[in-house]
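Take a look at the structure below.
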Amino acid sequence: MSSKNYTRTRWDVQASDIARKTHNPIRSIVENIVIEPNPNKNMIALSIGDPTTFGNLKTAKEVIDAVQESVASQLYNGYAPSTGYQEAREAVAEYSSNEFVKVDPNDVILCSGCSCALDLCITALARPGQNILIPRPGFSIYRTLAEGLGITVRSYNLRPDSGWKIDLDDLESKIDETTAAIVINNPSNPCGSVFDRDHLLDILDIAARYYVPIIADEIYEHMVFPGRTFWSLASLSKEVPILSCSGLTKRFLVPGWRMGWITIHDRQNILDREVRKGLLSLSQRIIGSNTIVQGALPAILSKTPQKFYDDVIHTLYTQSKLAYKCIIKVPGLKPIMPDGAMYMMVYIDLGCFPEFKTELEFVQCLLMEESVFCLPGQCFDYPSYMRMVITVPEDMLQEACLRINDFCERHHCKTSHEIIRNSLRRVEIPY
Ligand SMILES: *Cc1c(COP(=O)(O)O)cnc(C)c1O
């Protein structure tokens with residue numbers, strides 16, 4: 001190594017392009033909110049997409065037992081193969097198979113959460129300069145992952161007036177020669193929508209006509225309310241290559257355990273030449289996922305009783321109805337009843353609230369006055385809406401809805417005079 005041409009004369013350590021280009025829009029929007037909640041009211045955060053935050057939703061005893069046994073066995077302290085232990089992959093293959101689709105253990109890659117599964121899929125399919133199509137409104141991780149890698153994202157619209165179905169013409173119009181994949185999130189965060197079978201077939205038809213593979217973010221699989229059916233994309237296509245991403249996080253209420261997976265669905269062996277190998281190589285970057293949870297996976301996926309799943313769904317459904325029934329009566333707001341997952345989107349008719357220029361100002365003022373915080377639609381690339389998390393304890397959800405109602409009555413251009421009169425009357429009552 002020659003020292004002659006060496007030009008560094010001081011410390012100047014720079015961040016890589018990937019580091020610089022990686023942004024989480026939720027973080028940057030939320031961190032810019034400097035508003036303090038109202039000190040006289042306890043804080044109710046309807047913003048946190050972690051169902052374990054308040055302790056009212058707990059994973060099943062069988063799941064805890066499985067992990068305890070895994071730890072105690074001392075069999076899972078070492079490195080696993082980078083795609084995961086055979087038994088763990090077999091368990092996921094079994095869990096993901098049904099009468100329409102059979103998953104082979106060799107088609108399973110265990111990952112560190114579903115986010116990591118999405119990361120591997122996007123990285124394996126798209127090159128810098130190419131684009132992937134993502135839903136709007138949608139979860140921000142797709143953009144965060146892709147843009148860091150120099151992959152462009154193009155949003156296709158969901159339609160709030162038709163149960164958040166994809167605007168198929170819009171989707172089709174966004175595809176071009178450089179489209180590497182379509183990301184489909186079903187059931188949806190933030191919408192709580194669940195696509196029916198016909199709609200999924202329409203989506204698959206577009207993917208097939210343009211020869212574009214699909215990345216299916218199905219982390220909320222099976223989390224659908226009574227009367228609705230979850231169809232995995234892979235169960236409906238014999239042609240389109242589908243990388244399906246899921247995990248324990250949401251359905252089993254253990255986001256911190258970081259256990260997710262990819263199941264590769266490729267009945268025409270289209271991905272065999274390169275992409276499958278690419279996924280395997282990329283999995284070596286993470287040296288496999290958490291082995292303790294891998295050791296527990298066969299028991300978790302086979303022994304968790306149906307009652308646990310049913311109880312979680314029951315809670316989510318009951319609370320969604322509660323929130324919907326309350327918010328539908330609030331002047332200036334229009335909730336959209338979810339069919340699954342853990343969220344409800346609420347339209348804010350800003351025309352009724354002239355004080356607020358954007359939904360961001362609305363949620364900030366709601367935080368300041370009522371100590372209730374919902375994520376502004378901007379976080380999901382969808383202004384004029386806010387997202388409510390419906391996993392908080394029932395009494396908190398009820399209280400939050402009442403406060404949202406008070407807030408909107410107070411600020412609504414038509415009702416505010418009346419309400420001020422009422423509240424003046426209220427303070428006259430001594431207590
Ligand atoms: C929560 C969530 C994920 C990430 O799940 P992890 O397993 O915690 O990485 C992925 N996609 C969507 C739509 C989510 O809501």
Side-chain angles (χ1 to χ4, degrees), residues 22 24-27 46-53 57 59 63 84 88 92 95-96 108-123 132-146 148 153 155-156 158 164 166 181-195 214-224 230 232-233 243-263 283 286 288-290 293-294 297 300-301 312 316 338-345 375 377 379-382 387-391:
T22 303
N24 180 338
I26 298 189
R27 283 278 145 75
L46 300 181
S47 53
I48 310 169
D50 177 344
T52 69
T53 308
L57 288 171
T59 192
V63 173
V92 171
Y95 174 77
S96 308
V108 176
I109 299 174
L110 300 185
C111 297
S112 185
C114 181
S115 311
C116 176
L118 292 162
D119 188 11
L120 259 55
C121 293
I122 293 170
T123 310
I132 60 169
L133 308 190
I134 64 171
R136 174 170 54 212
F139 191 46
S140 58
I141 189 116
Y142 317 124
R143 179 183 295 274
T144 303
L145 294 170
V153 296
S155 299
Y156 60 82
L158 308 182
W164 299 108
I166 296 174
I182 304 171
V183 176
I184 304 288
N185 175 216
N186 177 52
S188 156
N189 175 9
C191 305
S193 49
V194 179
F195 292 152
I214 289 179
I215 298 171
D217 181 351
E218 295 177 340
I219 188 69
Y220 297 97
E221 62 181 335
H222 309 299
M223 296 182 75
V224 301
F230 167 75
S232 70
L233 270 165
L243 300 178
S244 179
C245 299
S246 186
L248 294 183
T249 302
K250 304 287 168 37
R251 193 180 189 208
F252 294 83
L253 305 171
V254 288
W257 290 6
R258 312 310 303 137
M259 176 52 72
W261 49 76
I262 304 165
T263 53
S283 77
I286 52 170
S289 69
N290 184 317
V293 185
Q294 287 192 38
L297 213 42
I300 290 173
L301 296 180
V312 174
L316 295 173
D339 284 322
M342 323 186 310
Y343 315 98
M344 184 169 80
M345 285 286 263
L375 281 185
C379 291
F380 309 97
D381 201 9
Y382 214 65
R387 186 194 74 172
M388 291 174 69
V389 164
I390 50 148
T391 50

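For ligands, and for the atoms within them, numbers begin at 1 and follow the listed sequence. These figures come from a predicted structure and were not determined experimentally. This chain uses plain numbering: 1 for the first residue, then up along the sequence.
Residue nearest to atom 4 (C) of ligand 1, selected from P51, S115, C245: S115 (by heavy-atom distance).
For atom 7 (O) of ligand 1, the nearest protein heavy atom (residue, atom name, distance) is T249 OG1, 2.5 Å. Closest protein heavy atom to atom 14 (C) of ligand 1: K250 NZ, 3.1 Å. Closest to atom 5 (O) of ligand 1 among all protein heavy atoms lies C114 CB, 3.6 Å. Counting protein heavy atoms only, atom 11 (N) of ligand 1 is closest to D217 OD2, 2.6 Å.
Near N185, the atoms of ligand 1 lying under 4.0 angstrom from a non-hydrogen atom of the residue are 13 (C). Within ligand 1, counting atoms from 1 as listed, the ones closer than 4.0 Å to a heavy atom of G113 are 7 (O), 9 (O). Distances below 4.0 Å separate heavy atoms of Y220 from the following atoms of ligand 1: 1 (C), 13 (C), 14 (C), 15 (O).
No donor-acceptor pair closer than 3.5 Å links the side chain of D119 to the backbone N or O of T123. A donor-acceptor contact shorter than 3.5 Å is absent between the side chain of R251 and the backbone of I219.
In this structure, a donor-acceptor pair under 3.5 Å is present between the side chains of S246 and E221.
With sequence neighbours excluded, no residue satisfies side-chain hydrogen bond (donor to acceptor under 3.5 Å, both in side chains) with S96. Shown here are the ring-ring contact (aromatic ring centres under 6.0 Å, His included) partners of Y142, two or more places apart in sequence or in another chain: there are none.
Contacts of L248 with ligand 1, taken as heavy-atom pairs under 4.0 Å, are absent altogether. Contacts between R258 and ligand 1, counted as non-hydrogen atom pairs separated by less than 4.0 Å, involve the side chain only.
Between Y382 and W164, a ring centre-to-centre spacing shorter than 6.0 Å is recorded.
Between R258 and S289 the shortest side-chain heavy-atom distance does not fall below 4.5 Å.
Ring geometry for Y95 against F252 counts as tilted: the plane angle lies between 30° and 60°, on a 0 to 90° scale.
Of the N or O atoms in S112, none lie within a sub-3.5 Å distance of an N or O in ligand 1.
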